[in-house]
Amino acid sequence: MAYSDKVIDHYENPRNVGSFDKNDPQIGTGVVGAPECGDVMKLQIQVDEAGRITDAKFKTFGCGSAIASSSLATEWLKGKTLDEAEDIKNTAIVQELSLPPVKIHCSVLAEDAIKAAINDYRTKSNAGETEAARAEA
Amino acid sequence: MAVKLPIYLDNNATTRCDERVVETMLPYFTGKFGNAASRNHQFGWEAEEAVDIAREQAAALIGAGPKEIIWTSGSTESNNLAIKGAARMYAKEGAQRGHIVTVSIEHKAVLDPCKRLQTEGFDVTYLDPGPDGVITAAMVEEALREDTLLVTIMWANNEIGTVNEIREIGALCKERGILFHTDATQWVGKMPTDVEKDNIDLLSWSGHKIYGPKGVGALYVRRRKPRVRLEPIFDGGGHERGMRSGTINVTGVVGFGKACDICRNEMAEEGRRLRTLRDKLESDITGQLDGVEINGHKDKRLPNTSNISFAWVEGESLLMGMKEVAVSSGSACTSASLEPSYVLKNLGVGDELAHSSIRFGLGRWTTEEEIDYVVDKIVHSVRHLRKMSPLYEMHQEGIDLSTVEWAHH
């Protein structure tokens, strides 16, 4: 199977590989997939007080298309608000990377990872607010 | 010295035809194009003579008589003819037609005919190998029954190269009067074979795995003690002692014979050379990377085959990093099924390691320079991928991956 040039580029020069401290309240972490299925994606976002994503990082175990999908997702996430980020659709990733039908699940996984990271951030910041409110009371 | 790219290390899938084989075949496409079944003219005689020589060359490679060789289109056909042909010929009357013993990590060309026979009323036992991939005579003995009529067990496994206890299994079958077939596609031509000493009744092999042409294979069918009979799959003409009708593929058969002849003369030397290169490949990789697992028994293994799992990286992405190297991945991720190799799974190799495995099949033209190049590429790719692997990160943090609850997709 031939990979598109964009997939190859992301594979060879992945953007934003790395990890943030997942306990940092500014960080949202999403881990999706399972090793026995052949892909695990970890996607992290750093969010400022205004709810805007200032940075994103990923680590992926999976095929080249899975790596490219998550690498691309981190590029797209930077600068977006959480609401805008939530609107990123897997089909946009498929189109951008010219993924063949057998690789669509890689883009779905990337969309799931984005949503999981946003959820994690929101859960943490809600918990943080509740705690802060409790401390004030 | 610069190596020539791409590098072919997938010789368990197919091999390049040896130039000497091609040379031998060429005259039979044009000048000597006759039908070996044409008994009444020069063209037919020439073709028949060439087929007879090839039959002797094929027989000599496995210690058989030339009359015991049946030409086929390859191992898939040989396996079908042997398994279905024997089962149907020796089937018992009534609903319970008889019992067959095989192994869960056989090639599909054995498993699928067995499954077909199950729909016809035969009972099939699929043995599982131990973690080393080897099937022993003791395992087979335990599975044998009063009504067992056929045991079919591959000589060497195509994915991991492990070698089963064929001679001992053959002796066991002989003692009980059970027919014994072996799919020897990966074994014959690489290792010495003697159907008498090895107690074999039916043996399949293929031209294109032994530096011969594709589309031609052979089935050894024992003629004495016992005289094995097979129900044919094709009807028409009664060629090949009635077992395989159809005009003989003379050019293919001539090439097959020559390929057998070359293997018989050169396999000892070639085996030593490939074993040295294979061992170097493995020791150079394990010397530079941690989390590397060699699959299958270390010694009871073909000299040219190595199947390696690279923990924390996925096989397909690893292949992508070495696109000038033709190898095979144990993971069939490209087929959309996301199924890792059933061979590795049945060995008890964890799914994530099965997804991370690569099969190297060295061959007649593999050089030391190529091995060095491949090792460099692999080490580089594995390191590149581990840098971005969340599993590697977890491993480094001391997390036991088997205790993690994954969000199953």
Side-chain angles (χ1 to χ4, degrees), chain A residues 1-4 7-22 29-44 57-71 74 99-106 108-113 115-116 119-120, chain B residues 291 309-323 329-341 344-345 349-357 377 380-397 399-409:
Chain A
M1 193 186 60
Y3 292 96
S4 71
V7 169
I8 293 170
D9 183 42
H10 279 283
Y11 171 86
E12 284 171 356
N13 312 295
R15 331 298 197 249
N16 311 307
V17 173
S19 296
F20 293 119
D21 175 7
K22 62 176 183 290
T29 303
V31 180
V32 294
E36 61 264 37
C37 305
D39 351 61
V40 176
M41 250 177 222
K42 185 181 88 165
L43 205 139
Q44 293 185 299
K57 286 191 189 299
F58 86 96
K59 283 205 172 188
T60 291
F61 163 88
C63 66
S65 303
I67 290 168
S69 296
S70 38
S71 170
T74 58
L99 297 182
V102 297
K103 293 299 182 186
I104 286 174
H105 69 274
C106 300
V108 174
L109 208 58
E111 186 186 316
D112 289 352
K115 294 208 158 73
N119 277 342
D120 180 60
Chain B
S309 290
F310 298 88
W312 317 302
V313 301
E314 190 272 340
E316 196 184 319
S317 61
L318 189 48
L319 293 196
M320 207 175 149
M322 28 192 259
K323 50 186 181 295
S329 164
S331 165
C333 187
T334 42
S335 71
S337 66
L338 286 170
E339 276 294 303
S341 147
L344 294 176
K345 268 178 93 162
V349 173
D351 273 4
E352 70 267 30
L353 276 180
H355 272 297
S356 315
S357 77
K377 277 276 164 188
H380 177 266
S381 296
V382 169
R383 285 181 180 153
H384 174 66
L385 290 167
R386 282 183 180 170
K387 259 185 242 160
M388 53 176 133
S389 166
L391 304 183
Y392 189 55
E393 183 179 74
M394 289 168 146
H395 163 73
Q396 284 182 316
E397 287 167 359
I399 297 169
D400 178 358
L401 293 175
S402 64
T403 64
V404 176
E405 263 190 57
W406 302 102
H408 279 264
H409 197 60

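Quantities reported herein were computed from a predicted structural model and do not represent experimental measurements.
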Colleague: Just so I understand: if I count every heavy-atom pair under 4.5 Å between each of A:T60, A:V17, A:V7, A:I104 and chain B, which residue has the most?
Modeller: A:T60
Colleague: Less than 4.0 angstrom from a charged side-chain N to a carboxylate O is my criterion; do B:E393 and A:K22 meet it?
Modeller: no
Colleague: Do B:W406 and A:E36 touch side chain to side chain, with heavy atoms closer than 4.5 Å?
Modeller: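 The answer is yes; the side chains approach within 4.5 Å.
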Colleague: Please find the pair of heavy atoms, one from A:G64 and one from B:S317, that lie closest to each other, and give the distance.
Modeller: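 In this case the closest contact between A:G64 and B:S317 is N-CB, 3.9 Å.
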Colleague: I want to check something: taking the side chain as every heavy atom from C-beta on, are A:I67 and B:L385 in contact at a cut-off of under 4.5 Å?
Modeller: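 Yes - at least one pair of side-chain heavy atoms lies under 4.5 Å apart.
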Colleague: Within the distance-only criterion (no hydrogens, no angle test), does the side chain of B:H355 pair as donor or acceptor with the backbone N or O of A:D39 below 3.5 angstrom?
Modeller: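 A pair under 3.5 Å: no.
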Colleague: Test of understanding: with salt bridge (Lys or Arg N to Asp or Glu O under 4.0 Å), list the residues that count as partners of A:K115, not counting sequence neighbours.
Modeller: A:E111
Colleague: Could you tell me which residues satisfy ring pair (Phe, Tyr, Trp, His ring centres under 6.0 Å) with A:H10, sequence neighbours excluded, listed by chain and number?
Modeller: none
Colleague: In terms of heavy-atom proximity below 4.5 Å to chain A, should B:K387 be classed as side chain, backbone, both, or neither?
Modeller: backbone
Colleague: Drop me the distance from A:K59's NZ to B:M394's CE, to the nearest 0.5 angstrom.
Modeller: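 Reported value, rounded in 0.5 Å steps: 11.0 Å.
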Colleague: If you define the side chain from C-beta out and look only at heavy atoms, does anything of A:S70 sit under 4.5 Å from B:M388?
Modeller: no
Colleague: I'd like to know if the side chain of A:Y11 and the backbone of B:M320 have a donor-acceptor N/O pair within less than 3.5 Å.
Modeller: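 No: the side chain of A:Y11 does not pair with the backbone of B:M320.
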Colleague: Considering non-hydrogen atoms only, spot the tightest contact between B:P390 and A:V40 and give its length.
Modeller: CG-O, 3.6 Å
Colleague: Look at B:E316 together with A:K103 and state whether they make a salt bridge at an N to O cut-off of under 4.0 Å.
Modeller: yes
Colleague: Is there a donor-acceptor pair under 3.5 Å between the side chain of B:E314 and the backbone N or O of A:F61?
Modeller: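 No, B:E314 side chain to A:F61 backbone: no donor-acceptor pair under 3.5 Å.
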